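Keep in mind that this is a model prediction, so the values were computed, not measured. Below, chain A is the first sequence line, B the second, and so on; all start at residue 1.
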Amino acid sequence: MVGAGGAGMYAAIAAAGKDASVLLLDKSLVGRGGATIMAQMTVAAAIGHEEPDHWTDHLQDTLAAGRELCDERLARMLCENGPARIFEMDGWGAHWARGADDRIRQVKAPGHGRARCCYVDFLNTGPGVAGTLRRQVSRLGSVRRVSNVAVTEIVVHDGRAVGAVGMDVVSGDVVTMDAKAVVLAAGGLTKIYRRNSASTNMGGEAYALALWAGAELIDMEFVQFFPIAHLAPRLVGMDPIMWDPFRYKLGGRLLNGDFDEFMHRYGGQDSGTYTTVRDQASYAILKEVEAGRGSPHGGVYLDFRHVPDETLRAAFGPVIDRLAHNGIDLTRTPVEVAPTAHYHMGGIRVNHRMETRVAGLYAAGEAVGGANGANRLSGNAITEALVFGECAGREAATAVAGTAPGWNATDADGAVERLRAALSTDATGGVPANVLERRLQDIMWEDAGPFRTGKQLQRALDGIRELRQSPVAVRPADGFNLDLQDRLELRAMLTTAEAVVRAAIGRTESRGAHQRLDFQESDGRFVANQAIEMRGGELMARWPDGESQP
Amino acid sequence: MTELRVWRGSAEDPGRYDVYRVPYEEGMSVLDALVWIRGHEDSSLAFRYGCVNANACKTCMALVDGEVGYMCTARLSPAGGTVEPLPKRPLIRDLVTDTVPDDEKLPPGRD
């Protein structure tokens, strides 16, 4: 299992349940990196505790948000199997919030027709889920957990994934690992954007590893931007996307830098369907900033001053005190918010067993593309981590049970050689990789952000190519060399960023989270999933039936 | 501007304090300052962090002005501050100590 967030840990548990011997790897620490730990919101599953509900209703809502692009089989799995995962984790001691009747509490998030989103109080869902899975994994003798190993390549022999090569980030040593099957569970790519709500290890490695191994990606143009992430004053100890439920619940007002309401200038009311609201809000905010009417830090204000003190306290609970520690008093001052890169709908193409087109290579969690189509509902991300993780682990273990290892001593030679070349240190004549990462983040934010044009995307592609040629300075260091870690991460980030840009160039329409300012309407010809693959060392976009046009 | 004194070194050397001048922004954390230093002054500085200021991953513990705490929630004051590695953990380098549980480590290497 490459990546030990929600999906990787669940995959490990499920594989161990099928008597497999599991190696669970994380570049950071097991259960502490990736997206899951950052998710302060909810987990959507039609368990019907709060009100009558059925997974087919959840599916209907998920498909509607996906704007005709969902892989229905995957979306169905997510919705149908979500409840089983919630209850299984309940048995492992997950602290789902409960009512006085001991039933699990569920709230109605935007886009859901029912109150079906489970949570852990207060704003603690991600850490709660991660903690439960971490404890469960540590109870299993057949799961070997390894922290601080960054996987840099999947080893493929005769078209089959047989292991991986990586770097021990503490010592800088090369590590080779053989495996009968490999699960990529290191999804999420929002670190390729300047403004993001991600953990630091979410540079999109899973997508690059999949491409390099010969797997296909789909829907890479669909990056979800969250319109009102916290911008200022500096907020620590909180998820930057925390404001959304409060805005809906309490009617927080969005004001520009002149303290004027502005949403009405951009078509429609500040209400309506979920996806429309998100896209419209992002567009309106970015346009106000562009017109010089932004807040001091380049966003807009979110204002709760019209809400009575006691209403605020009732809604925010102890969060009010955490805000006070940050010097934020909502009764007196508005906060600044702005769009941020938040989640990736696209990802590795898999079938209903989470198998990629490379034998023995699986994907799980956010790394998987297709379940959410062109846009994702709030609450579906952790559900997909749990459901796809369980499926990938179980299927991988079942498929390889009783088979002989496919690993030969020389299989990893090429990958090891490539890694050793990348590990050479030379501080002269270049700039550190983290500085180049910053440039990539600026390029993606400016030219491949929430609203794109063909011209901008072409400029982004040129910028990525240029960065790839830039010499990287790596200073030698005796242990925990972040320059080296950054260089390896940058390689993956550049590949993943290029996949996003190429896919965004190919979709000359607007749909869901992919908004082209030069093609503002949805176009029926584009009700199809665009694939990205590596051919002859180059990334290529492809529509169904191998066509370069839809 | 403000100043951050950062302990630098490894288990093999006596170590030293490097002082960095960092642009001050109200409410900034010690981690904000360290990320700025790596991006603008010295990328060779080593420290652990994961969730970037959400205080969810709990991997950025260090000694801030003499007290054990999370660098992501410890505020840097305009008067400056000092950050050092955790004193009771084996030192790896700079602010990075061995906080990985023993059963999450690789076996001794072969070559």
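Proximity to chain A among residues 10-40 of chain B is limited to B:Ser10, B:Glu12, B:Glu25, B:Glu26, B:Gly27, B:Met28, B:Ser29, B:Asp32, B:Arg38, B:Gly39, judged by heavy-atom separations below 4.5 angstrom. Listed by sequence position, A:Arg144, A:Arg145, A:Val146, A:Ser147, A:Asn148, A:Val149 are the residues of residues 130-150 of chain A in contact with chain B, using a 4.5 angstrom heavy-atom cutoff.
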| request: Assess whether side-chain contact (heavy atoms from CB on, under 4.5 Å) is satisfied between A:Val236 and B:Arg75, documenting all intermediate values. | output: CA-CA 9 Å; A:Val236 300; B:Arg75 306 285 186 170; 3.6 Å; yes

| request: Start with the C-alpha distance between B:Lys105 and A:Val170, add both sets of side-chain angles, then the distance that settles side-chain contact (heavy atoms from CB on, under 4.5 Å), and finish with yes or no. | output: CA-CA 10 Å; B:Lys105 287 178 184 162; A:Val170 176; over 6 Å; no

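Every residue meeting the side-chain hydrogen bond (donor to acceptor under 3.5 Å, both in side chains) condition with B:Thr82, not counting sequence neighbours, appears here in chain and number order: B:Arg5. Not counting sequence neighbours, A:Asn434 has no partner by the side-chain hydrogen bond (donor to acceptor under 3.5 Å, both in side chains) test.
Using a 4.5 Å cut-off between heavy atoms, B:Cys72 contacts chain A through its backbone alone, with no side-chain atom that close. In this structure, the portion of A:Asp486 lying under 4.5 Å from any heavy atom of chain B is its side chain and not its backbone. Only the side chain of A:His297 has a heavy atom closer than 4.5 Å to any heavy atom of chain B. Contact of A:Ala232 with chain B is not made at all, since no heavy-atom distance falls under 4.5 Å. Contact of A:Val169 with chain B is not made at all, since no heavy-atom distance falls under 4.5 Å. Contact of B:Ser43 with chain A is made through backbone and side chain together, with heavy-atom distances under 4.5 Å. For A:Pro127, the part lying near chain B is the side chain, with the backbone staying farther off; criterion is any non-hydrogen pair under 4.5 Å.
Of the listed residues (A:His325, A:Arg234, A:Arg475), the one with the most heavy-atom contacts under 4.5 Å to chain B is A:Arg234. Of the residues considered (A:Val474, A:Thr200, A:Asp239), A:Thr200 shows the highest number of contacts with chain B, using heavy-atom pairs under 4.5 Å. Note: A:Asn326 leads A:Asn124, A:Asn326, A:Leu25 in heavy-atom pairs under 4.5 Å with chain B. When the candidates B:Asp98, B:Asp94, B:Leu106, B:Val52 are compared by the number of heavy-atom contacts under 4.5 Å with chain A, B:Leu106 comes out ahead.
Between A:Arg32 atom CZ and B:Cys57 atom SG the span is 8.0 Å, to the nearest 0.5 Å. The CZ atom of B:Arg48 lies 5.5 Å from the CG atom of A:Leu29; values are rounded to the nearest 0.5 Å. The line from CG of A:Leu482 to OH of B:Tyr49 is 7.5 Å long, rounded to the nearest 0.5 Å.
B:Ile92 approaches A:Phe480 most closely through the heavy-atom pair CG2-CB, 4.1 Å.
A:Asn481 and B:Arg93 share no side-chain donor-acceptor pair at under 3.5 Å. Using modelled atom types and a 3.5 Å distance limit, the side chains of B:Asn55 and A:Arg322 yield no donor-acceptor pair.
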